[in-house]
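To start, the structure under review is shown below, and the notes come after it.
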Amino acid sequence: MNYSLPGLSKHIRVVISGGADGIGRTIAETFLAQQVQTAIFDISESAVAEYRKRYPHSMAAVVDVADARQVEAFFRQVANKLDGIDILINNVGIAGPTAAVEDISPADWERTLAVNLNGMFYCLRNAVPLLKAAGGGAVINIASSAAFFGYPLRSPYAASKWAAIGLTKTLAMELGPFNIRVNAICPGSVNGPRIQRVIEKEASVRKVMPENVRDIYLRQVSLRTFVDAEDVANTILFLCSDLGKNISGQALGVDGHTETLSNG
Ligand code: NAD
């Protein structure tokens, strides 16, 4: 269903990292349905080409979020084309390795933190001056229910998502006086190909069947369900609209209430 939300209109400009596929694309589509001007970037050339075909009026570029220079160049382009921004959605995040900590290579550890944490910082340092110039706005950092619990075999991912909450709380304080709200969304397992890959990897490391891992993941959630990308996108829309105008510094689970990630 397509609701029309106060404060979101064709005058509003949003940037979404990793917006060409997965949850990011659903977020982009949800904003586009509100007539919001939407600019995305993504590391995948094929996904960006496909996105451009579907949404020729939405700005789209191939950028690796872990490359500070590429991110800076992208935001320069956005500032020129859209004359600023009002909303930043820090969506990119990779799953990283599934392994015991002693089996994780420094390269895998560093890449996970570079994409999930440094990438968030690179977007923020370029977006914040534009948000301040616009007189205020909203930032959403996509974390995970892994930001609330220990997550065995996924240490770099969990560490990066806990860091995203630290960044969210800190920047809500720094930027609140500039009328910029900063919140984190913490999705649980989201229906789609990525969670299937996560489950298969974990099953192979634990030497069990993927169905066993899926069953454990479901039993860890009070509502016994995975969520949809649309649940995440609609919550973001609410927070970025005037309905969420006094909400900042929060880490909000969209996860059917995850009770633990202990995998037991
Ligand atoms: P995904 O793996 O489907 O990737 C989404 C997009 O990000 C893809 O188009 C991909 O090409 C792009 N991307 C990957 N690395 C990039 C980089 N270095 N630079 C720019 N773009 C890059 O991910 P998703 O499942 O859509 O997850 C989106 C966010 O939600 C992530 O932060 C993830 O950690 C979080 N999350 C996902 C789940 C889930 O079950 N899928 C659960 C909790 C949290």
Side-chain angles (χ1 to χ4, degrees), residues 15-30 39-52 54 60-71 73-75 88-98 108 110-123 140-149 151 154 156-165 167-168 184-202 213-214 217-218 220-221 225-233 235-236 251-256 258 261:
V15 167
I16 302 159
S17 71
D21 206 351
I23 299 168
R25 195 179 72 204
T26 303
I27 297 168
E29 289 167 342
T30 307
I40 66 112
F41 72 79
D42 201 290
I43 198 171
S44 163
E45 284 183 24
S46 58
V48 168
E50 181 61 29
Y51 179 92
R52 281 191 185 128
R54 284 194 199 196
V62 177
V63 171
D64 178 357
V65 79
D67 184 321
R69 282 201 202 144
Q70 288 183 29
V71 173
F74 172 76
F75 276 91
L88 168 67
I89 312 294
N90 266 322
N91 164 69
V92 171
I94 55 173
T98 301
D108 280 351
E110 283 158 18
R111 181 67 184 164
T112 310
L113 272 288
V115 172
N116 295 9
L117 180 58
N118 298 359
M120 234 176 224
F121 161 65
Y122 299 150
C123 290
I140 302 285
N141 296 323
I142 306 289
S144 162
S145 41
F148 297 132
F149 302 100
Y151 193 3
R154 294 287 299 282
Y157 184 75
S160 72
K161 295 301 189 181
W162 279 68
I165 305 300
L167 200 52
T168 301
I185 296 284
C186 301
S189 299
V190 178
N191 290 312
R194 169 159 155 167
I195 196 65
Q196 193 51 35
R197 287 196 300 274
V198 163
I199 286 171
E200 279 164 16
K201 256 192 187 173
E202 187 170 325
V213 175
R214 175 174 284 271
Y217 274 34
L218 277 172
Q220 290 172 338
V221 176
T225 187
F226 288 179
V227 303
D228 293 320
E230 288 76 9
D231 298 328
V232 175
T235 308
I236 290 172
L252 181 60
V254 179
D255 64 347
T258 304
L261 290 174

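All values below come from the heavy atoms of this structure, side chains included, with hydrogens, waters and symmetry mates left out. Counting starts at 1 for both ligands and their atoms, following the listed order.
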Exercise. Between the side chains of Tyr151 and Arg154, does any donor sit under 3.5 Å from an acceptor?
Worked result: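 Checked: Tyr151/Arg154 side chains pair up, N/O donor to acceptor below 3.5 Å.
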
Does a donor on one side chain sit under 3.5 Å from an acceptor on the other, for Ser145 and Asp255?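 Checked: Ser145/Asp255 side chains show no N/O donor-acceptor pair below 3.5 Å.
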
Mind checking whether [X] and [Y] have side chains closer than 4.5 Å, heavy atoms only?
| X | Y | answer |
| --- | --- | --- |
| Ile199 | Ile195 | yes |
| Pro156 | Asp108 | no |
| Tyr122 | Gln70 | no |
| Asp228 | Thr26 | no |

Protein contact to [atom] [nearest heavy atom, distance to 0.1 Å]:
| atom | answer |
| --- | --- |
| atom 9 (O) of ligand 1 | Asp42 OD2, 2.5 Å |
| atom 32 (O) of ligand 1 | Asn91 O, 2.7 Å |
| atom 30 (O) of ligand 1 | Ile142 CG2, 3.4 Å |
| atom 43 (C) of ligand 1 | Pro187 O, 3.3 Å |
| atom 26 (O) of ligand 1 | Ile23 N, 2.8 Å |
| atom 42 (C) of ligand 1 | Gly188 O, 3.0 Å |
| atom 7 (O) of ligand 1 | Gly18 CA, 3.6 Å |

Any idea which atoms of ligand 1 are less than 4.0 Å away from a heavy-atom of [X]?
| X | value |
| --- | --- |
| Ser44 | 11 (O) |
| Gly22 | 3 (O), 26 (O) |
| Ile94 | 15 (N) |
| Ala143 | 35 (C), 44 (C) |
| Ser144 | 43 (C), 44 (C) |
| Arg111 | 18 (N) |

Could you tell me whether ligand 1 has any atom less than 4.0 Å away from a heavy atom of [X]?
| X | value |
| --- | --- |
| Ser189 | yes |
| Ala95 | no |
| Pro193 | no |

Kindly indicate, with the supporting measurements, whether the criterion side chain to side chain contact (heavy atoms under 4.5 Å, CB included) is fulfilled by Thr30 and Glu230. CA-CA 8 Å; Thr30 307; Glu230 288 76 9; 5.8 Å; no

Run through Arg52, Glu45, Glu50 and flag the one making a side-chain contact (heavy atoms from CB on, under 4.5 Å) with Val48.
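Single side-chain contact (heavy atoms from CB on, under 4.5 Å) partner of Val48 among Arg52, Glu45, Glu50: Arg52.
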
Looking at atom 4 (O) of ligand 1, is any protein heavy atom nearer than 4.0 Å to it?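 No.
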
Nearest heavy atoms of [X] and [Y], plus distance in Å:
| X | Y | value |
| --- | --- | --- |
| Asp64 | Val71 | O-CG2, 3.9 Å |
| Val232 | Val254 | N-CG1, 4.2 Å |
| Ala229 | Val190 | N-CG1, 3.6 Å |
| Phe74 | Ala61 | CD1-CB, 3.7 Å |
| Asp42 | Asp21 | OD2-N, 3.9 Å |
| Asn91 | Gly18 | ND2-O, 3.1 Å |

Are any of the N/O atoms in [X] less than 3.5 Å from those in ligand 1?
| X | result |
| --- | --- |
| Ile195 | no |
| Ser145 | no |
| Lys161 | yes |
| Ile43 | yes |
| Val65 | yes |
| Val190 | yes |

Side-chain donor/acceptor of Ser17 to backbone N/O of Val92, under 3.5 Å: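 Flag set: sc Ser17 to bb Val92 pair under 3.5 Å.
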
*So, Lys161 side chain and Ile142 main chain: donor-acceptor pair closer than 3.5 Å or not?*
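Answer holds: yes.
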
Judged on heavy-atom distance to [atom], which of [options] sits nearest?
| atom | options | answer |
| --- | --- | --- |
| atom 1 (P) of ligand 1 | Arg197, Arg194, Gln196, Arg25 | Arg194 |
| atom 34 (O) of ligand 1 | Tyr217, Tyr157, Phe41 | Tyr157 |
| atom 18 (N) of ligand 1 | Asp255, Asp64, Val92 | Asp64 |

How does Val63 reach ligand 1, by side chain, by backbone, by both or by neither, if only non-hydrogen atoms under 4.0 Å count?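 Near ligand 1, Val63 shows its backbone, while the atoms from C-beta on stay back.
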
